[in-house]
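Please read through the structure below; I'll follow up with questions.
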2 protein chains.
Amino acid sequence: MIIPLSSMAKAKHTISVSAEEKIREAARRVFMKKGYAATRTRDIAEEAGLNLALLNYYFRSKEKLFGIVMEERMKQFFGVITPLMYDTTTTLDRKIEMIVSNYVDMLLQNPDLPLFILNEIRHNSDLFNRFQAGRLIHGSHFVTQLKEKQPGIHPLHFVVSILGMTIFPFVAKPVLQSAGGINQQLFVAMMEERKTLVPKWAKAMIKMK
Amino acid sequence: MIIPLSSMAKAKHTISVSAEEKIREAARRVFMKKGYAATRTRDIAEEAGLNLALLNYYFRSKEKLFGIVMEERMKQFFGVITPLMYDTTTTLDRKIEMIVSNYVDMLLQNPDLPLFILNEIRHNSDLFNRFQAGRLIHGSHFVTQLKEKQPGIHPLHFVVSILGMTIFPFVAKPVLQSAGGINQQLFVAMMEERKTLVPKWAKAMIKMK
DNA sequence: GTCTATACAAAGATAGAC
DNA sequence: GTCTATCTTTGTATAGAC
């Protein structure tokens, strides 16, 4: 039996991670930690345990490599809520519970993600526009449901409040730990508590006169 | 009558801004816009309309200049709430109203401030520790009042929620405008509305069973 | 595909004239 | 105090051997 070369190459790639993959993962870690501007391509090569030239061989430039990392991270950051917000089969209350819970779980695994994303978008707003042109929130079923319940208040007020209560603690984490006098363990415990607290508060807000 | 030289120099400084001052203000604008790592000293010199060498003449290095700017901005960012939080003469409800209202007013004038501060602190947490060692929130009268009203819930939960609802919209502004479909004018109007909405919600949260 | 060595550009800092 | 010119370091990208 003849085994095609392409299959052999594929098999080889499944046992040991390819150099390309190593660089992409190293780039993700370094970019996330230091941000685009403060990251040196040498840092990425070193983190990957590979030579600097490989970086330019697989990806054309620092900027191209960053674009790839950024797209993956934005998918992760916005992907947590987009499907939920557009789901027409769940109630408003259930949506709120799921959005908060899913976000907290994901952010506990990726605490640096929000500040990274929001900061890089601010310095290059094209990043976001290129990713998914507008209307991500505006046209969602979630917004429709909010408008029904509270026609007098712009639905974005509720979206901002829920996301703010959920995401902000991770953005302000260093300050909270230092000025609030809490350690890592307590921080995690509080975020777990917020999975029930924030939805409870949010539902009350929406039902208020 | 004899006018001392020192007075003349002082008078001169009141009419035209000194080079040192020009550089500090230019540095503030450029650092706030691009962040520390992405800022080039040449950008600051150009923004100030002065030569690059002056920057090193007055301040020893880019890092020193940044430290000065950072300290001023942190004073502004934390100074808005610190006095209020430690004030023992105001009620809890009044404190909440004042914190939100003061923050919104200040942030409408300095929309880039939160992301700048939080991002730079994350990349160099010494910046915050050096500024004002811990306890900024932890030992405040505000926290004491919250603990009285709701002994079962960690007071930091309320602090985080109030600050999150107030500050987060400014941190996420580019995303909100693009994905939420709102322009600058509507953004400002909504932030004004939040000066009454957020306190109303926050008070209800604290009173909940 | 992977490496070493190096070209080239950008950026921080300084010397020295005025 | 302020400028022009320049040194030095750092960082991105490429050439060329294996």
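Chain A is the first sequence line, chain B the second, and so forth, proteins listed ahead of strands; every chain is numbered from 1. Quick note: numbers below take in every heavy atom, side chains included, and nothing from hydrogens, waters or symmetry partners.
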Test side chain to side chain donor-acceptor pair (under 3.5 Å) applied to A:K203 - qualifying residues, sequence neighbours left out
A:E97
Using the test side chain to side chain donor-acceptor pair (under 3.5 Å), find all partners of A:T166 that sit at least two apart in sequence or belong to another chain.
none
Distance-minimising heavy-atom pair for A:V143 and A:H138:
CG1-O, 3.9 Å
What residues, two or more places apart in sequence or in another chain, satisfy side chain to side chain donor-acceptor pair (under 3.5 Å) together with A:D43?
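A:D43: side chain to side chain donor-acceptor pair (under 3.5 Å) contacts with A:K34, A:R40.
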For B:E193, give me all partners under salt bridge (Lys or Arg N to Asp or Glu O under 4.0 Å), at least two apart in sequence or on another chain.
none
Name the first nucleotide and the last nucleotide along DNA chain D (5' to 3') that come under 4.0 Å of a heavy atom in chain B.
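The contacted stretch runs from D:dG1 to D:dT4.
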What residues form a side chain to side chain donor-acceptor pair (under 3.5 Å) with B:N110, not counting sequence neighbours?
none
Which protein N or O atoms sit under 3.5 Å from an N or O of nucleotides 4-6 of chain C?
| from | atom 1 | to | atom 2 | distance (Å) |
| --- | --- | --- | --- | --- |
| C:dT4 | OP2 | A:N51 | ND2 | 3.0 |

Taking the six-membered ring for Trp, are B:F168 and A:F168 closer than 6.0 Å centroid to centroid?
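No, the ring centres sit 6.0 Å or more apart.
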Given B:F78, B:F77, B:F170, the one that forms ring pair (Phe, Tyr, Trp, His ring centres under 6.0 Å) with B:Y103
B:F77
Of all of residues 56-71 of chain B, which get a heavy atom below 4.0 angstrom from DNA chain C, listed by number?
B:N56, B:S61, B:K62
Which heavy atom in B:L176 sits nearest to a heavy atom in B:P169, and how many Å separate them?
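What the structure gives for the nearest pair is CD1-O, 3.8 Å.
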Tell me the side chain to side chain donor-acceptor pair (under 3.5 Å) pairs involving residues 56-72 of chain A, sequence neighbours left out?
none
DNA chain D contacts made by residues 22-31 of chain B, counting heavy atoms under 4.0 Å
none
Any pair with a residue in residues 160-181 of chain A that passes salt bridge (Lys or Arg N to Asp or Glu O under 4.0 Å), sequence neighbours left out, goes on the list, sorted by first then second residue, please.
none
Tell me every residue that passes side-chain contact (heavy atoms from CB on, under 4.5 Å) with B:T196, counting only those two or more places apart in sequence or in another chain.
none
